[in-house]
Trainee: 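Structure in structure tokens, see below.
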Protein chains: 2
Amino acid sequence: MAFTIGDMGKATATKIETIRYYEKIGLLPKPARTTSNYRDYGQAELGRLSFIRRARDLGFSLDQVRALLGISGDRSGDCAGIDRIAREHLLEVDRKLADLTALRKELKAVIDSCDGGIVADCRIIEALGPVPPA
Amino acid sequence: MAFTIGDMGKATATKIETIRYYEKIGLLPKPARTTSNYRDYGQAELGRLSFIRRARDLGFSLDQVRALLGISGDRSGDCAGIDRIAREHLLEVDRKLADLTALRKELKAVIDSCDGGIVADCRIIEALGPVPPA
DNA sequence: CCTTGACCCTGTAGTCGCTACAGGGCCTAT
DNA sequence: ATAGGCCCTGTAGCGACTACAGGGTCAAGG
């Protein structure tokens, strides 16, 4: 029922430094301390950290995680805020996917244009810029 | 034939601070100066900056750009190094695409599970963690 | 001639989300 | 008693910029 910071890290695949960092920026509460000043966590903190990590894995920013935690703290409140943040994030992910897909296509075209030889004739260099030198 | 830093920025859609930053980290050479100590660029610098920006747009890191510039400086050298860097980068892009696609799928599933109501019943919160509170 | 505003300069600090020390204390087992 | 593994605080670093603060310069209009 009582965990060290190392236990928390193992349980959530989080580095100790990261947990301390979450505490510093106020995402995790300041935990109780043992007599030797070690952080002393309980089930609630473990749950909260798991939540944070899962949200991070889904690509939410720490600010978004903070908002999600804030809303989810009010269990009787409305779910709409949560939904809005998640949908906004999904849009952002879709934008990134579109950007990355376009980038990939262009990069592929640049690479395929090269068929070896010396730099002066290299199509990749040519595709990259008008005049590379300094 | 002579450009101010502002001209360079406009020509390549680069912020002035970014150009100075590129100079500071050695990607751009220290340019000549006017009598009033303004940076004084020529065609070669403009070409180099264009190259850098284009490579950045394609997602190359500044370290990769540095390497590309180094290789492309030797016009009679072999094109293979260029090709290798570009292909490595393509692999990285593919990895990112795969990751982002997987993330999107999971995020979508989490969002679709929510059909409104109060936080306590919210499937998004549920999907995110075992116990959210602090 | 003077002022206004747009440009330029240097240098430093902030962003995001960690990560990596440095320099110590504590605790258990041998 | 000593070795090792854990824990503590505090600070600095990463990439790739971005945003000031606090000044200098220059061309055009009044």
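By convention in this document, chain letters (A, B, ...) are assigned in the order of the sequence lines, proteins followed by strands, and residues within each chain are numbered from 1.
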Trainee: Base, sugar-phosphate or nothing for B/T34? Non-hydrogen atoms, less than 4.0 Å.
Mentor: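 No contact.
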Trainee: Which atom pair, heavy atoms only, marks the closest approach of A/G59 to A/Q64?
Mentor: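 Looking at all heavy atoms of both residues, the closest pair is O-OE1, 4.4 Å.
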Trainee: Go through the side-chain N and O atoms of B/R53 and B/T12 and say whether any donor and acceptor fall under 3.5 Å apart.
Mentor: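 No pair is found: no donor N or O on one side chain lies under 3.5 Å from an acceptor on the other.
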Trainee: To the nearest 0.5 Å, what is the distance between NZ on A/K30 and CD on A/E45?
Mentor: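 Here the rounded value is 14.0 Å.
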Trainee: When all nucleic acid strands are considered with a 4.0 Å heavy-atom cut-off, which category describes A/I25: base, sugar-phosphate, or nothing?
Mentor: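 Counting heavy atoms under 4.0 Å across all strands, no contact is made by A/I25.
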Trainee: Taking CZ from B/R20 and P from C/dC7, how many angstroms apart are they, rounded to a whole number?
Mentor: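 For the pair B/R20 CZ and C/dC7 P, the rounded distance is 13 Å.
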Trainee: Could you walk me through whether A/R95 and A/E92 pass the salt bridge (charged side-chain N to carboxylate O under 4.0 Å, His left out) check?
Mentor: CA-CA 5 Å; A/R95 270 194 295 273; A/E92 183 64 31; 2.6 Å; yes
Trainee: Quick check for you: to the nearest 0.5 Å, what is the distance between B/I5 atom CD1 and B/I16 atom CD1?
Mentor: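 Reported value, rounded in 0.5 Å steps: 5.5 Å.
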Trainee: Before giving the answer on side-chain contact (heavy atoms from CB on, under 4.5 Å), spell out for B/K96 and A/K96 the whole-Å C-alpha distance, their side-chain angles and the decisive distance to 0.1 Å.
Mentor: CA-CA 10 Å; B/K96 273 188 194 160; A/K96 274 188 192 158; over 6 Å; no
Trainee: If you count heavy atoms of other groups shown closer than 6.0 angstrom to CZ of A/R123, is the number above 12?
Mentor: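 No.
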Trainee: Measure the CZ-CG distance between A/R87 and A/D94 for me, rounded to the nearest 0.5 Å.
Mentor: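 Nearest 0.5 Å value for the CZ-CG distance: 12.0 Å.
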Trainee: If we fit an axis to the first five pairs and another to the last five of the helix from C/dC1-D/dG30 to C/dT30-D/dA1, what angle do they make, to the nearest 10°?
Mentor: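 One end axis against the other gives 30°.
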Trainee: Using the closest heavy atom to pick a nucleotide of DNA chain D for each, name whichever of A/T4 or B/T35 lands nearer the 5' end.
Mentor: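 Per heavy-atom nearest nucleotide, the more 5' residue is A/T4.
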Trainee: So which protein N/O to nucleotides 15-19 of chain C N/O distances come out below 3.5 Å?
Mentor:
from	atom 1	to	atom 2	distance (Å)
C/dG17	OP1	A/L62	N	3.4
C/dG17	O3'	A/R56	NH2	3.3
C/dC18	OP2	A/Y22	OH	2.9
C/dC18	OP2	A/R56	NE	2.7
C/dC18	OP2	A/R56	NH2	3.4
C/dT19	OP2	A/T18	OG1	3.3

Trainee: By nearest heavy atom, map B/E23 and B/K10 onto DNA chain C; which one lands nearer the 5' end?
Mentor: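 Checking each residue's closest nucleotide, the 5'-ward one belongs to B/K10.
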Trainee: Checking all strands, does B/I16 fall into the base, sugar-phosphate, or nothing category for heavy-atom contacts under 4.0 angstrom?
Mentor: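 Sugar-phosphate, backbone atoms only, no base.
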Trainee: Check the pair B/T101, B/D99 against side-chain hydrogen bond (donor to acceptor under 3.5 Å, both in side chains), reporting the backbone distance first and the verdict last.
Mentor: CA-CA 5 Å; B/T101 303; B/D99 286 355; over 6 Å; no
Trainee: To the nearest Å, how far apart are B/Y38 OH and C/dC7 P?
Mentor: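 Atom OH in B/Y38 sits about 11 Å away from atom P in C/dC7.
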Trainee: With side chains defined as the heavy atoms from C-beta onward, is the minimum distance between A/L62 and A/R56 less than 4.5 Å?
Mentor: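 Yes; the side chains approach each other to less than 4.5 Å.
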Trainee: Which atom names give the shortest non-hydrogen contact between B/L103 and A/D57, and what distance separates them?
Mentor: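 Scanning both residues, the minimum pair turns out to be CD1-O, 3.7 Å.
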Trainee: Using chain B heavy atoms and a threshold of under 4.0 Å, write down where along DNA chain D the contacts begin and end, 5' to 3'.
Mentor: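 Span of nucleotides near chain B: D/dA16 to D/dC26.
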